[in-house]
Amino acid sequence: MDFKLENQINHFISVRLEPFTLADIQMYLESVGVFVKSEIVSSFLKGNGNLFFLDEDLYLGRAGAFTGKQFCIIPRQYEIDNKLLITGHRCIPFANFDMHPAALQFVYRNEVLPKRVIEIEMNRLYPYFLLFGKEYISQYILSDDANSDLNTLDDEFALPSRVKITVSDLQPIFQRTTLRAGSRILARVLDWNSGIIELCPVVTNKTGNNPFDQDAREESVLNWYTELEDCLLESFPVMGPCASIDEQLLNVFFHFEEQLCVPNCGAIEELLSRTTKIGFSVYGVETRLWYKDKEIPVVGQWNESNGELRPTLYELLLSSLLSSDCYVVDSVIRDALYRGEKDVVRALKRLLPETIDITPRYRSIVQEAYQNYFDDLAPRYNRFADHVYAEYRPRVISLLTQFLELSQKIEGLTNDMHELTTHPVVTFQQMIGHIIQLLETFTQDPDILHEEELAAMWGSLDGIESSFPGLRAVLLDELDGLKKNNFTVI
């Protein structure tokens, strides 16, 4: 993997505030000594979660879309009483999603609000992190640097009842104004790449504790909640469940920016506490926003083919073996080097056993690409530095092989994955996504990862390994039923 190329492209996207083309990126890359074909740059941009595609060759990053845009934070009573702000999900989808919430910095009257660490019951923190998805709440809480001395590995991954959390001190704001439950704090991103956000409390003539008992100036805030609710409801059938709640909100606030990024805006979490039309719904093993008390369908307007040919899941998995991001290649080669192997022959037999039915030509192409990567990496491979991931890497590669075998079997029994309309299909796709994410993480320096981040990764791997056999059985049973239903006696 060309990490220099990837890092430079990501840096460009993170600091560029105007729309840009492939030519703009290449011009920047050449200015920092990186020369690469436009096709390779284009492949890096595909699926990049920090990009909007404006036209065939025109892009806009999150930094450009949300820098300077207004959103709202409404402190809870606990925060008011203790004069602090728990960042949590408050800055979704505006801030840099790749930064931990505790790393974001808030500015008030040109001064950075100081950070402090508090200890609190873990279950009291859940409402502050819901928009990350219920399945990720504990991971975000435990990966706060304040919990660096906490080791759940020693307690078989049991979650502690009390944890530490990094908060922003609101004393400077309280010294100048009065905040109460329901008070709005306007926020806007000043520096997306560095995670710097300006706060500006809104002073109103409100009386009482009801956050909606507002004077005429604030009446439009109520209209904003209706507007956001309508925008979300409008987005569901078109955009679907997306890849995360963050992506759902990202699309809504980008496409409806003029209506939603306004001074009299409210807070997303406040709408979700009041609406009777929108709620959190289970989607596979994850959580999404959806019509309240309604199940998210597997197939919808957002993923219908409309008669167009589309790659099968098996084809997508096969393409990942030679993907330009090289996460699979990198892990397979490092596993071989850690085992002391001199070439890629045995490594490819593990990854692509004879049960995987691919053409000799494709096997030859894969072997050549992997051998080239092997020859390039071997002279600089550090076996000692690789020990953290080495124990787990074979398990991930084995799962990838099992996924290939199952998706191949599915393709052999049905021409269209969409004929399988149950949530096990979604769960299978999400498992694949999590495994690819693990392989991506394996390319990072383990020393920069928090102990709890590693613990969460290994816990996720354990969960996938234990649940996959049951999921495989369910999918094959459904395929068998589908085959019988489609069988016709002539």
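Note that the structure is predicted; figures quoted are calculated from it, not measured.
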Salt bridge between [X] and [Y], side-chain N to carboxylate O under 4.0 Å?
X: K164; Y: E119; result: no
X: D98; Y: R62; result: no
X: R184; Y: E270; result: no
X: D462; Y: R395; result: yes

What distance separates [X] [atom1] from [Y] [atom2], expressed to the nearest 0.5 Å?
X: L130; Y: I268; atom1: CG; atom2: CD1; value: 12.5 Å
X: C91; Y: R188; atom1: SG; atom2: CZ; value: 14.0 Å
X: L113; Y: F106; atom1: CG; atom2: CZ; value: 8.5 Å
X: D230; Y: F256; atom1: CG; atom2: CZ; value: 9.5 Å
X: S407; Y: L475; atom1: OG; atom2: CG; value: 11.0 Å
X: Q105; Y: I197; atom1: CD; atom2: CD1; value: 9.5 Å

Between [X] and [Y], what is the ring plane arrangement, given parallel below 30°, perpendicular above 60°, and tilted in between?
X: F132; Y: F97; answer: tilted
X: F66; Y: F52; answer: perpendicular
X: F71; Y: F94; answer: parallel

Tell me if a side-chain donor or acceptor on [X] pairs with a main-chain N or O of [Y] at a distance below 3.5 Å.
X: Y389; Y: L439; value: no
X: N193; Y: A63; value: no
X: D191; Y: S194; value: yes
X: D144; Y: T166; value: yes
X: D169; Y: R116; value: no
X: T275; Y: L272; value: no
X: R16; Y: L60; value: no
X: T67; Y: G64; value: no
X: E79; Y: R76; value: yes
X: S331; Y: V328; value: no

Any [X] side-chain heavy atom under 4.5 Å of [Y] side chain:
X: E234; Y: H255; value: no
X: I296; Y: V426; value: no
X: H100; Y: S143; value: yes
X: H11; Y: N7; value: no
X: P93; Y: V252; value: no
X: L186; Y: C265; value: yes
X: V396; Y: F442; value: yes
X: P201; Y: L179; value: yes

Give me the atom names and distance for the closest heavy-atom approach of [X] to [Y].
X: W224; Y: L260; result: NE1-O, 2.8 Å
X: I137; Y: Y126; result: CG2-CD2, 3.2 Å
X: A181; Y: Q77; result: CB-OE1, 3.2 Å
X: S281; Y: W290; result: OG-CB, 3.5 Å
X: P424; Y: V474; result: CG-CG1, 3.7 Å
X: L131; Y: H89; result: N-ND1, 3.1 Å

message = Taking the six-membered ring for Trp, are F428 and F403 closer than 6.0 Å centroid to centroid?
response =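 Here the rings of F403 and F428 have centres that are less than 6.0 Å from each other.
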request  = Would you confirm whether the ring centroid of Y28 sits within less than 6.0 angstrom of the ring centroid of F20?
outcome  =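 No, too far apart.
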query = Can you check side chain to side chain contact (heavy atoms under 4.5 Å, CB included) on E227 and N223, steps first, answer last?
reply = CA-CA 6 Å; E227 191 78 53; N223 296 330; over 6 Å; no
request  = Verify the neighbour count for atom CZ of R162: are there more than 12 heavy atoms of other residues, nucleotides or ligands below 6.0 Å?
outcome  =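 Correct, the count exceeds 12.
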ask   = For E258, does the CD atom sit with more than 12 other heavy atoms under 6.0 Å from it, leaving out its own atoms?
value =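 No.
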inquiry  = As a quick check of understanding, evaluate side chain to side chain contact (heavy atoms under 4.5 Å, CB included) for V189 and N96, giving each step before the final call.
reply    = CA-CA 9 Å; V189 176; N96 188 338; over 6 Å; no
request  = Evaluate salt bridge (charged side-chain N to carboxylate O under 4.0 Å, His left out) for D330 paired with R393, printing each intermediate quantity in order.
outcome  = CA-CA 11 Å; D330 188 81; R393 195 180 281 119; 5.6 Å; no
request  = Could you please spell out the steps behind the side-chain hydrogen bond (donor to acceptor under 3.5 Å, both in side chains) verdict for S460 and H434?
outcome  = CA-CA 8 Å; S460 173; H434 291 167; 4.8 Å; no
message = side chain to side chain contact (heavy atoms under 4.5 Å, CB included), that's the test. Do R274 and Y225 meet it? Break it down for me.
response = CA-CA 9 Å; R274 297 178 57 82; Y225 286 112; 5.6 Å; no
Residues E135, T287; criterion side-chain hydrogen bond (donor to acceptor under 3.5 Å, both in side chains); working and verdict = CA-CA 7 Å; E135 62 280 5; T287 313; 2.6 Å; yes
request  = Go through Y327 and Q437 one step at a time and tell me if the side chain to side chain contact (heavy atoms under 4.5 Å, CB included) criterion holds.
outcome  = CA-CA 9 Å; Y327 300 135; Q437 287 177 355; over 6 Å; no
request  = Any chance you could lay out the side-chain hydrogen bond (donor to acceptor under 3.5 Å, both in side chains) test for D24 and T21, step after step, and finish with the verdict?
outcome  = CA-CA 5 Å; D24 293 324; T21 64; 3.2 Å; yes
